[in-house]
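These numbers come from the heavy atoms of this one structure, side chains and all, not from hydrogens, waters or symmetry mates. Computed from a predicted structure; not experimentally measured. If you read the sequence from its start, that first residue is 1, and numbering goes on from there.
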Amino acid sequence: MTVNNLSPGDPPQIGQYRVLGRLGRGGMGTVYLGQSSDQQQVAIKVINSEYSQHEQFRMRFRREADAARRVRRFCTAAVLDAALDGDQLYVVTEFVPGPNLEEAVRSGGPLRGSSLDALAVGVATALTAIHGAGVVHRDLKPSNVLLSPVGPRVIDFGIARALDTLSGVTGTGEVIGTPRYMAPEVLRGEPVSPACDVFSWGCLVAFAASGRPPFGGEALHAVLYQVLNSDPVLEGMESGLRELVTYAMAKEPAHRPTAQQVLDHLVGRSAAPEQTAHSVQAVWQQSPSTPQSPSAPQGSPVPQGSPMPQSPSAPHGTLPWAGAVQAGPAQHGPASPTGQTHAGQTLHAGQTFHGGQAPHPGGPGQTGPTAAWPPGETRASGPGQPAAGSPAADARRKKIVIGSAVAALVAAALGVGGYLALTSGGPPTDLTLLYQDDFTQSSDWPGSKYDGETIKYGPAPEGYYAIDVVGDDRVRRVTAPVPFLTDPSPTPVPTPAPSVSPTPAIPARLLLGVDVAVRGGGSGAGEYGLFCRGDDDTEATRYEFLLDTSGKARVRRAVKSAGGDLSAPVQLDLEKGKPVRLQAECSGGQDGVRLSMWVNGERVHSVLDENPLPTGEVGMIVRVEEKSGAVLKTSYDNFTMHGPAGVKKQP
């Protein structure tokens with residue numbers, strides 16, 4: 001591909017990449033088509049200098065870019081390189097030929113049939129991979145989904161979140177974002193979570209199916225009111241897909257499914273991103289109505305004469321089950337003209353958007369966004385339809401949408417062995433974010449401001465939590481200030497009901513996560529990681545999930561400072577000095593506590609302790625051998641704790 005639209009102000013070279021042309025401009029920067037030394041075409045996003053001059057933005061950008069590089073390459077444009085220092089910040093991704101979804105729909109009309117199915121599955125697959133790496137997209141919208149010859153590809157994931165360090169405000173007092181595709185809690189200024197991306201997924205599928213955004217209104221305040229208070233207008237979808245999109249667009253984040261749950265319901269079984277990515281590609285390439293052209297450049301309109309979606313009256317796949325009752329006509333409300341997305345509308349500093357949530361009519365079977373996910377068992381029986389509660393009915397409900405193309409390919413490729421492998425893959429995605437800290441702001445973590453001399457642990461000026469240990473002070477355990485009671489109980493406690501206590505006990509099932517790296521300046525051997533179910537600093541009792549300086553991973557159980565490994569250490573191939581995403585699950589049950597450990601999204605340990613420790617504290621730990629003379633310097637960032645949905649945090 002050749003683009004010849006550079007102006008005198010555009011750079012001829014960016015880092016090691018030769019600039020071939022300009023692909024577009026956005027709120028955060030300019031995207032160029034580049035070429036690497038091996039002749040590979042790439043997309044280079046250069047961040048505007050008004051952002052890169054802020055040190056807080058640079059710190060967050062560095063972390064988000066590092067995290068984005070860990071996202072697995074399933075239905076995404078992979079991050080290949082990034083300039084994280086210097087005057088010019090940029091991110092390099094693989095170049096994806098083809099128009100974006102907004103351009104394709106504007107040029108050729110809404111998607112239908114297997115094209116719409118493949119888009120829904122492909123974007124859900126991308127979100128599952130993105131969230132599995134601990135990243136939130138933050139700005140999912142039609143212009144950030146490219147329709148390539150091999151299927152939809154999601155771009156720009158995670159980078160927009162760096163703007164949160166500036167309180168979301170630009171130098172002109174504006175917030176970058178497209179309100180029509182932003183979740184209500186984001187508009188209210190509440191914390192960003194993966195649930196925000198699920199809401200945006202629903203908006204995106206609704207746009208693809210109808211050619212119009214699901215929330216109408218011309219003026220900015222009208223759009224905001226619709227998002228905060230009104231039901232979305234959902235047209236052009238069969239009833240099963242519309243029901244799933246309705247749940248995804250619930251006003252309350254806790255009522256939405258996770259990206260993994262969306263994916264599972266679309267394909268009818270537990271599915272991993274790698275498997276569905278291959279299936280989406282096969283369906284996309286077989287579909288006669290796929291709205292893309294192999295020769296279409298990234299960000300360009302679809303050429304005249306390209307194959308386009310079928311007419312709106314064309315049948316959409318097959319019914320999800322025999323005898324299923326089609327939903328009535330979609331509700332109509334104010335909507336903007338086809339393709340008009342008001343991408344230029346912005347929110348201004350000082351504006352607060354709080355509005356009462358309007359009642360939401362339920363979907364089929366009186367389920368809907370006011371009900372918690374998953375949908376209830378309320379669908380009535382009909383001719384040829386299994387009775388509610390029967391095994392056949394349960395199996396029918398699992399496959400909500402794609403009863404043919406994508407689901408069939410996934411099932412054929414998986415088989416029994418494949419299914420078992422997929423259920424033991426990446427970290428769980430069915431948990432809710434209960435606590436997070438990126439250490440860019442003051443918090444209640446132990447320790448004073450780290451200086452590397454007299455203060456050996458605490459928040460560092462660079463925006464991470466530092467922990468240094470030496471031979472005479474060989475273990476440092478830092479307890480996370482989570483908003484739960486962490487006093488151990490004699491036995492694992494179930495998830496408390498919201499009404500049990502204003503300060504609930506810490507749940508029996510937790511997923512901890514952190515970005516951790518070994519900094520320079522140390523010597524000798526040591527280990528570092530996370531712990532759960534902790535009690536007592538001096539006579540330590542806890543489960544430890546550890547990496548050592550040689551690259552080995554292990555899970556350890558300690559009772560009053562005595563203990564040992566629960567499974568044999570596993571040797572990993574880790575790049576020295578580079579941060580890794582470490583995740584650990586402590587999941588209590590009737591048989592004991594299941595302890596699982598992931599490094600960069602890959603599971604390395606899973607072991608059951610049948611003599612479980614009671615619930616307790618969680619946090620980070622660093623250790624060197626006693627009297628070894630070793631010095632270990634570590635940095636921790638982006639600490640997260642997930643737990644069961646419905647757990648009430650301390651006010």
Side-chain angles (χ1 to χ4, degrees), residues 427 445-446 457 465 467-469 471 473-482 486 488 492 506-518 524-572 574 579-588 592-600 602-626 628 630 632-636 639-642:
W445 285 80
Y457 68 99
Y465 194 97
I467 305 178
D468 297 353
V469 294
D473 187 16
R474 70 183 193 89
V475 181
R476 174 63 61 189
R477 184 185 92 155
V478 178
T479 301
V482 296
T486 56
I506 195 165
R509 183 188 180 197
L510 292 173
L511 176 67
L512 306 176
V514 75
D515 298 337
V516 59
V518 176
E527 57 186 357
Y528 50 94
L530 296 165
F531 72 86
C532 68
R533 302 199 172 207
D535 177 37
D536 197 334
D537 276 324
T538 55
E539 293 187 332
T541 296
R542 58 186 170 240
Y543 292 116
E544 300 172 352
F545 303 83
L546 302 167
L547 294 170
D548 69 19
T549 48
S550 70
K552 290 188 177 67
R554 65 172 180 149
V555 178
R556 181 176 181 267
R557 182 183 193 268
V559 178
K560 295 188 179 299
S561 298
D565 294 346
L566 292 176
S567 58
V570 174
Q571 182 66 55
L572 305 177
L574 302 179
V580 300
R581 183 67 180 175
L582 174 62
Q583 292 169 281
E585 183 181 22
C586 303
S587 182
V593 176
R594 171 66 60 179
L595 305 161
S596 302
M597 179 178 179
W598 294 265
V599 177
N600 291 337
E602 299 294 331
R603 196 178 73 175
V604 296
H605 282 292
S606 184
V607 61
L608 179 69
D609 183 9
E610 297 179 348
N611 184 25
L613 301 177
T615 55
E617 297 172 337
V618 300
M620 309 176 301
I621 185 170
V622 182
R623 177 191 291 116
V624 296
E625 288 295 328
E626 189 174 7
S628 65
L632 182 56
K633 299 184 176 184
T634 61
S635 64
Y636 287 80
F639 182 94
T640 58
M641 185 177 85
H642 290 75

Going from [atom1] on [X] to [atom2] on [Y], what distance comes out if it is rounded to the nearest 0.5 angstrom?
X	Y	atom1	atom2	answer
Ile506	Thr486	CD1	OG1	6.0 Å
Arg557	Ser567	CZ	OG	13.5 Å
His642	Leu512	NE2	CG	10.5 Å

Can you give me the closest heavy-atom contact between [X] and [Y], atom names plus distance?
X	Y	result
Met597	Ala553	CE-CB, 3.7 Å
Val604	Val570	O-CG2, 3.6 Å
Thr479	Phe531	OG1-CZ, 4.0 Å
Gln583	Pro427	OE1-CG, 3.3 Å
Leu608	Gly592	CD1-C, 4.0 Å
Arg603	His605	CG-O, 3.6 Å

Do side-chain atoms of [X] reach the backbone of [Y] as a donor and acceptor pair under 3.5 angstrom?
X	Y	answer
Arg533	Leu613	yes
Ser606	Ser596	no
Tyr457	Arg477	no
Thr549	Gly526	yes

Between [Y] and [X], is there a side-chain heavy-atom distance shorter than 4.5 Å?
X	Y	result
Ile621	Val475	yes
Arg554	Lys552	no
Trp598	Leu511	yes
Glu617	Asp535	no
Glu602	Leu572	no
Val593	Ser587	no
Leu582	Tyr636	no
Met620	Trp445	yes

**OP:** Could you give me the CA-CA distance, side-chain angles and deciding distance for Leu632 and Tyr528, then say whether side chain to side chain contact (heavy atoms under 4.5 Å, CB included) is met?
**Re:** CA-CA 9 Å; Leu632 182 56; Tyr528 50 94; 4.2 Å; yes
**OP:** I would like to know whether Tyr543 and Asp609 meet side chain to side chain contact (heavy atoms under 4.5 Å, CB included); could you show each step before the answer?
**Re:** CA-CA 10 Å; Tyr543 292 116; Asp609 183 9; 2.5 Å; yes
Original post:
Taking 4.0 angstrom as the limit, do Arg509 and Glu585 come out as a salt bridge?
Top reply: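 Salt bridge present between Arg509 and Glu585.
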Original post:
Do NZ/NE/NH1/NH2 and the carboxylate oxygens of Asp565 and Arg556 come within less than 4.0 Å?
Top reply: no
Original post:
More than 12 non-hydrogen atoms from neighbouring residues, nucleotides or ligands closer than 6.0 Å to CD on Gln571, yes or no?
Top reply: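 Buried by this count: over 12 neighbours within 6.0 Å.
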**OP:** Start with the C-alpha gap between Val580 and Val516, add the side-chain angles, then the distance that decides, and say whether side chain to side chain contact (heavy atoms under 4.5 Å, CB included) holds.
**Re:** CA-CA 6 Å; Val580 300; Val516 59; 3.8 Å; yes
**OP:** Before giving the answer on side chain to side chain contact (heavy atoms under 4.5 Å, CB included), spell out for Cys532 and Leu510 the whole-Å C-alpha distance, their side-chain angles and the decisive distance to 0.1 Å.
**Re:** CA-CA 9 Å; Cys532 68; Leu510 292 173; 5.6 Å; no
